[in-house]
Visitor: 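Could you have a look at this structure, given as structure tokens, before my questions?
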Amino acid sequence: MPDVTLRYGYAETPLGQLHYAEAGAGEPVILLHQTPRSLDEYREVQPLLAKKRHVISMDMYGFGMSAKPEAPQTIEQYATGVIALADALGLERFAVVGHHTGMFVASEVAATVPGRVTAAVLSSGEFADEEFRVEVTRQMAQGGVDESGVAQAVDVAILQEDGQHLTQLWAKRHLLYPEGRPDLLDRFIRDALAPGVDPAEGHLACARYVMEERVELVTAPLLLLAATEDPVSYPHVGKVATAYPNAKSVKVVEIAGGRIPLMEQKTADVVAAIESFLDDVM
């Protein structure tokens, strides 16, 4: 199998220009990143999946080099961006893969256009019910600075002339990332600083999402990827697995040792799980 080359482009949509990369041929699969990342999160995953399928990664609406909606942003807006890209690329039916925030977006896309979504991979997800919304809102409210001038919420840092906000952003993610991989934090910092991106807004969008009113609309077969060392999402695997009463099927695959940057950290395991699932259901 020859090496897969990514082709980058901008799609003109009613929302503005959406930045994407595509590779391969066959059944379409759209990859959706976490907050505040970009399509770079799938740098390692996409070429491997594209050996068998037409794989599109995108800077979601609001992130990276794509158009930015005004705040307050919502999961529904992000999902509209995915559908707009699919329309612009002429994709009638497609699978979706979403990680963390991208998981909520993938779920919403599957609820909004169930007839178009052939399968959905929900990676490192939670269930955005009232309990979730209250807790995330509480955490983000701690974005206020403490007595040392450090913002408390993850991905929130107050811009400072001496650049200390950069080390604050790094430090808040450091313990959630695998040891010996500062390169992954470099990639996170770059995306967090993209023009027009507010890293906190993606988290707040999750806190605004009334997921319990949407999951019944999802009919596609589902794969849940559970990263065993992800303290944010792993405790919620069971709740997510039982949240989709009308899904054609729900399969859970644990990725041992996986952490927040699962796509970059455990690429081979992620690709193997996704390929096996898609081979079975598509």
Side-chain angles (χ1 to χ4, degrees), residues 10-22 28-42 46 55-89 91 94-114 116-117 120-129 132-133 136-137 140 154-155 188 191-192 194-215 217-218 220 222 232-233 240 243 260 263:
Y10 284 91
E12 295 284 354
T13 79
L15 305 175
Q17 291 190 343
L18 299 177
H19 183 233
Y20 69 96
E22 62 180 339
V29 182
I30 301 178
L31 309 178
L32 308 172
H33 57 80
Q34 67 173 296
T35 295
R37 293 301 313 279
S38 69
L39 57 77
D40 174 71
E41 182 164 51
Y42 291 98
Q46 184 172 6
V55 183
I56 302 101
S57 59
M58 70 177 295
D59 291 349
M60 290 194 303
Y61 184 37
F63 298 89
M65 294 189 288
S66 285
K68 311 295 190 297
E70 296 293 330
Q73 296 176 6
T74 67
I75 296 298
E76 291 86 351
Q77 285 177 320
Y78 302 157
T80 299
V82 178
I83 298 166
L85 178 64
D87 291 344
L89 297 180
L91 307 179
F94 51 89
V96 286
V97 176
H99 182 57
H100 271 279
T101 303
M103 172 270 182
F104 295 117
V105 179
S107 181
E108 177 59 24
V109 172
T112 302
V113 288
R116 297 179 66 179
V117 175
V121 179
L122 309 180
S123 174
S124 300
E126 298 177 71
F127 187 62
D129 56 7
F132 171 90
R133 291 189 291 274
V136 174
T137 300
M140 297 310 295
V154 68
D155 297 344
F188 156 74
D191 285 342
V197 171
D198 179 353
E201 194 59 31
H203 298 292
L204 291 170
C206 294
R208 298 176 181 121
Y209 186 41
V210 185
M211 192 174 184
E212 64 269 32
E213 295 181 359
R214 304 297 291 165
V215 288
L217 301 174
V218 176
L222 304 179
V232 175
S233 67
V240 177
I260 295 286
M263 299 297 151

Visitor: Heavy atoms only: give me the nearest A220-A120 pair and the separation to one decimal.
Guide: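 Between these two residues, the closest heavy atoms are CB-N, 4.5 Å.
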Visitor: Return the CG to CG distance between L31 and L39, rounded to the nearest 0.5 Å.
Guide: 9.0 Å
Visitor: What closest approach, in Å, do P36 and V197 show between heavy atoms, and which atom pair accounts for it?
Guide: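 Heavy atoms only, the tightest pair is CB-CG1, 4.1 Å.
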Visitor: List for me each residue that meets side-chain hydrogen bond (donor to acceptor under 3.5 Å, both in side chains) alongside S57, sequence neighbours excluded, and say none if there are none.
Guide: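 Applying side-chain hydrogen bond (donor to acceptor under 3.5 Å, both in side chains) to S57 gives Q46.
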Visitor: Distance from L222 atom CG to L122 atom CG, nearest 0.5 Å?
Guide: 5.5 Å
Visitor: Would T13 and L85 count as a side chain to side chain contact (heavy atoms under 4.5 Å, CB included) here? Give the steps.
Guide: CA-CA 7 Å; T13 79; L85 178 64; 5.5 Å; no
Visitor: Per the side chain to side chain donor-acceptor pair (under 3.5 Å) rule, what does the pair list look like for residues 195-212, sequence neighbours excluded?
Guide: E108-Y209, R133-E212, D155-H203, E201-R208
Visitor: What's the spacing between L204 CG and I75 CD1 if we round to 0.5 Å?
Guide: 10.5 Å
Visitor: Got K68 and F63 here, is their nearest side-chain heavy-atom distance under 4.5 Å?
Guide: no
Visitor: Do L89 and I56 make a side-chain contact, defined as non-hydrogen atoms from C-beta onward lying under 4.5 Å apart?
Guide: yes
Visitor: For A194 versus G64, what's the shortest heavy-atom pair and its separation?
Guide: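 Shortest heavy-atom separation between A194 and G64 comes out as CB-O, 4.1 Å.
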Visitor: How long is the span from the OG1 atom in T101 to the CD atom in E126, to the nearest 0.5 Å?
Guide: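 These two atoms lie 9.5 Å from each other.
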Visitor: Under the side chain to side chain donor-acceptor pair (under 3.5 Å) definition, can you give me all pairs with a residue in residues 76-86, not counting sequence neighbours?
Guide: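 Output for this query lists Q73-Y78.
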Visitor: When rounded to the nearest 0.5 angstrom, what distance separates OH in Y61 from OG1 in T74?
Guide: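 Atom-to-atom, Y61:OH and T74:OG1 are 9.0 Å apart.
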Visitor: Without placing hydrogens or testing angles, list every side-chain donor-acceptor pair under 3.5 Å for residues 15-22, not counting sequence neighbours.
Guide:
unit_1: Q17; atom_1: NE2; unit_2: E12; atom_2: OE2; d: 2.7
unit_1: H19; atom_1: ND1; unit_2: D59; atom_2: OD2; d: 2.9
unit_1: E22; atom_1: OE1; unit_2: H54; atom_2: NE2; d: 2.7

Visitor: After noting the C-alpha distance and the side-chain angles of L91 and I30, does the key distance pass the side chain to side chain contact (heavy atoms under 4.5 Å, CB included) rule?
Guide: CA-CA 10 Å; L91 307 179; I30 301 178; 4.2 Å; yes
Visitor: Taking only residues two or more places apart in sequence or in another chain, which ones pass side chain to side chain contact (heavy atoms under 4.5 Å, CB included) with D40?
Guide: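 Scan of D40 (side chain to side chain contact (heavy atoms under 4.5 Å, CB included), adjacent residues dropped) gives R37, S38, R43, R187, R190, D191.
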Visitor: Please report the interatomic distance OG1(T35) to NE2(H100), rounded to the nearest 0.5 Å.
Guide: 10.0 Å
Visitor: Check side chain to side chain contact (heavy atoms under 4.5 Å, CB included) between L217 and all other residues, then give those that pass, not counting sequence neighbours.
Guide: A111, R214
Visitor: Do V82 and L32 come within less than 4.5 Å of each other through their side chains, counting heavy atoms only?
Guide: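 In short, these two side chains touch, coming nearer than 4.5 Å.
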Visitor: Closest approach of R116 and A86, non-hydrogen atoms and distance?
Guide: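 Minimum heavy-atom separation between R116 and A86: NH2-CB, 3.9 Å.
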Visitor: Ring centres of H33 and Y42 under 6.0 Å apart?
Guide: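 No, ring centres 6.0 Å or more apart.
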Visitor: Which heavy atom in C206 sits nearest to a heavy atom in A128, and how many Å separate them?
Guide: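 The answer is O-CB, 4.1 Å.
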Visitor: So do the side chains of V97 and V29 get within less than 4.5 Å of each other, counting heavy atoms only?
Guide: yes
Visitor: Check whether any side-chain heavy atom of V109 sits under 4.5 Å from a side-chain heavy atom of F94, and report yes or no.
Guide: yes
Visitor: Please test M211 against S107 for side chain to side chain contact (heavy atoms under 4.5 Å, CB included), starting from the C-alpha separation and ending with a verdict.
Guide: CA-CA 9 Å; M211 192 174 184; S107 181; 3.9 Å; yes
